[in-house]
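These notes are about the structure you will find just below.
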Amino acid sequence: MNNINTININTSKRIEMIDITPNILQLIKEQKISEGICSIFVPHTTAAVTINENADPTVVKDMLNTLNKLIPHQNNYLHSEGNSDAHIKASLIGASEVIFIQNGKLMLGTWQGVFFCEFDGPRSRKVWIKFLTS
Amino acid sequence: MNNINTININTSKRIEMIDITPNILQLIKEQKISEGICSIFVPHTTAAVTINENADPTVVKDMLNTLNKLIPHQNNYLHSEGNSDAHIKASLIGASEVIFIQNGKLMLGTWQGVFFCEFDGPRSRKVWIKFLTS
Amino acid sequence: MNNINTININTSKRIEMIDITPNILQLIKEQKISEGICSIFVPHTTAAVTINENADPTVVKDMLNTLNKLIPHQNNYLHSEGNSDAHIKASLIGASEVIFIQNGKLMLGTWQGVFFCEFDGPRSRKVWIKFLTS
C-alpha cells in the first residue's frame, strides 16, 4: 500500500476550479506507477473534486455560474460564517474520485481533466492522492 | 481482502444527516486497521453518504433546507410512492465515498465528518464499510 | 490487479439513464470474481454514473425531469457547443462509483441498479469497470 501524496494549492478567488491533472501525472511519473487505481480525496468541507472538460474554459465558467444561481452565496442561511453555500456545493460535487491507471497512463477520457473546486476561497488547500498498485 | 462491515442506523425524521464518523473509527480500532482505504457504500435508493462539517450543526440544517428548496417533497412527480425527491437527492449526494487510513487514523480534514443522509425516513438503514489493506 | 473492462453503450435520446447492472453482473460471472471491489468510471464529460432504483421506471423519469428543470438545456451559457447543461449535470452526478463484491455477488441494495447517465446524446459511449480482488 503506497503512501498518501499531497498536492498543495493556493486559490485566488472565492469560487473557482483548478485543473490538477498535471500534478497527478507528475506523481505517477515520479513514482513510476504502472497499473492500478488513483484515489483522490479533498480534506476540506468547502471544496471538492470533479472530473470534467479542461479544453474550453467556458465550461468551467458555466458550471460555476450555474452552481451560484442554484445555491446563492447569501440566502438566509443559519450558519453564521457566511459560507453555507460552499458547504452545500462541496457535498453536491463530492470529496472523492477514483481513476484507473494502465501502462503508466492516467485513464481519463479524451476531454477529461481533474479539477479541484474551491467554493470559499481564496485559501491554502490540499488534495490527497493515494495509488493502489498491488 | 477484508469482509464487509455493517453499521445499523435508525433514522427519526423524513430528512436528516447522521454523523457516522464514530462508528467508522470504532471499526478501525476493533479491527486494528493501520494502513489502507476505507470504502463506504449505502445500499438504499433514498439515502446517501457525504463528508462535510460536523462542528456547527447549522451547516447540516442549511444543507437540508437548501436540498428541500431545490428538490421539493411534492412537485408533480410521476412516481406514485411520493418519494421521488428522495431518489433525486440520493443520486446528487451519492452512494459511495472513499477515505484513506494512515497509522491507524481515518484521514479526514480538521472539520470533516462522515454523514449518513436520510431522505425518506424514518427507517431502519444500513451502511456498508469495507477496508482495503493489502 | 485486474485489467480494465469496457462496456459499450449506444444511447438514443439527448438525456436518459440506462441500467448497466446486467453488463456488470456478466463481467463478474465471466471473470469468476468472488471477493473485492467493483470500481466504475465514465470517461466522458457529458455523462455520468449513478446508483438508484431500477424497479419503477417513473423514478428515472422524475430524476431526469428534475435535472432538466434545475439545469435547463438553454440558459444563456457561455460555452458555444450548446451542451453546458450536460457538463454541469455530469459533475453533479459524478464520474465514478465503488461497489463491493462478496461470494461472487455484486453487493447492491434490494432496489438498487447501476445507471449510465447520458446528458448529451444520442452518442456511442463507454463505461470502464475495474475489479480489485487482491
Side-chain angles (χ1 to χ4, degrees), chain B residues 1-6 36-50 66-99 116 119-120 123-134, chain C residues 1-2 17 33-41 48-71 88-103 105-117 119 131-134:
Chain B
M1 189 66 75
N2 295 271
N3 288 331
I4 297 172
N5 304 281
T6 301
I37 298 268
C38 171
S39 194
I40 305 168
F41 186 82
V42 171
H44 305 286
T45 57
T46 54
V49 60
T50 194
T66 302
L67 284 172
N68 276 336
K69 274 188 207 170
L70 289 171
I71 306 144
H73 185 180
Q74 309 293 346
N75 204 14
N76 292 318
Y77 300 112
L78 300 169
H79 185 50
S80 61
E81 290 182 24
N83 62 356
S84 277
D85 67 307
H87 288 287
I88 299 161
K89 285 161 182 158
S91 275
L92 287 175
I93 300 297
S96 68
E97 284 286 356
V98 170
I99 307 171
F116 173 79
F119 294 130
D120 190 34
R123 294 191 190 219
S124 292
R125 300 291 204 172
K126 290 180 193 304
V127 177
W128 291 337
I129 309 281
K130 195 174 172 83
F131 300 112
L132 281 71
T133 53
S134 61
Chain C
M1 188 65 75
N2 295 272
M17 288 167 65
I33 309 293
S34 174
E35 303 290 325
I37 299 268
C38 170
S39 194
I40 305 168
F41 186 81
V49 60
T50 195
I51 296 167
N52 216 300
E53 181 179 325
N54 62 357
D56 180 346
T58 59
V59 170
V60 161
K61 285 182 189 168
D62 284 334
M63 193 171 306
L64 296 177
N65 286 343
T66 302
L67 284 173
N68 275 337
K69 275 187 205 170
L70 290 172
I71 306 144
I88 300 162
K89 285 162 181 158
S91 275
L92 288 175
I93 299 296
S96 68
E97 284 285 356
V98 169
I99 307 170
F100 307 147
I101 299 169
Q102 198 175 48
N103 299 323
K105 202 183 156 216
L106 186 68
M107 295 297 288
L108 290 168
T110 313
W111 304 103
Q112 285 182 319
V114 183
F115 287 93
F116 174 80
C117 304
F119 294 130
F131 300 112
L132 280 71
T133 52
S134 62

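Computed from heavy atoms alone, side chains included, the values below leave out hydrogens, waters and symmetry copies. Reminder, nothing fancy here: chain letters follow the sequence lines and each chain counts from 1.
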Search all heavy atoms of [X] against all heavy atoms of [Y] and return the closest pair with its distance.
| X | Y | answer |
| --- | --- | --- |
| C:Glu97 | B:Ala95 | OE2-N, 4.1 Å |
| B:Ile4 | C:Phe100 | CD1-CB, 3.7 Å |
| B:Pro43 | C:Gln112 | CA-OE1, 3.3 Å |
| C:Asn52 | B:Ser91 | ND2-OG, 2.8 Å |

Heavy-atom cut-off 4.5 Å, strictly under: side chain, backbone, both or neither for [X] against chain B?
| X | answer |
| --- | --- |
| C:Leu70 | side chain |
| C:Lys89 | neither |
| C:Leu64 | neither |

Are the side chains of [X] and [Y] in touch, meaning some heavy atoms are under 4.5 Å apart?
| X | Y | result |
| --- | --- | --- |
| B:Ile88 | C:Leu67 | no |
| C:Thr66 | B:Asp85 | no |
| B:His79 | C:Glu53 | yes |
| C:Val98 | B:Phe41 | no |

Exercise for the section: Name the member of C:Gln102, C:Met107, C:Lys61 that forms the most heavy-atom pairs with chain B at distances under 4.5 Å. Expected result: C:Met107

Let me confirm one number: the [atom1]-[atom2] distance from [X] to [Y], rounded to the nearest 0.5 Å.
| X | Y | atom1 | atom2 | answer |
| --- | --- | --- | --- | --- |
| B:Leu132 | C:Ile37 | CG | CD1 | 4.5 Å |
| B:Tyr77 | C:Thr58 | OH | OG1 | 12.5 Å |
| C:Ile99 | B:Trp128 | CD1 | CH2 | 10.0 Å |

Handout entry: Contact class of B:His44 relative to chain C, heavy atoms under 4.5 angstrom
Key = backbone

Exercise for the section: Can you tell which part of B:Ile71 gets under 4.5 Å to a heavy atom of chain C, answering side chain, backbone, both or neither? Expected result: side chain

Practice task
For B:Asn75 and C:Asp62, run side chain to side chain contact (heavy atoms under 4.5 Å, CB included): C-alpha distance rounded to whole Å, both residues' side-chain angles, the deciding distance at 0.1 Å, then the answer.
Solution key: CA-CA 10 Å; B:Asn75 204 14; C:Asp62 284 334; over 6 Å; no

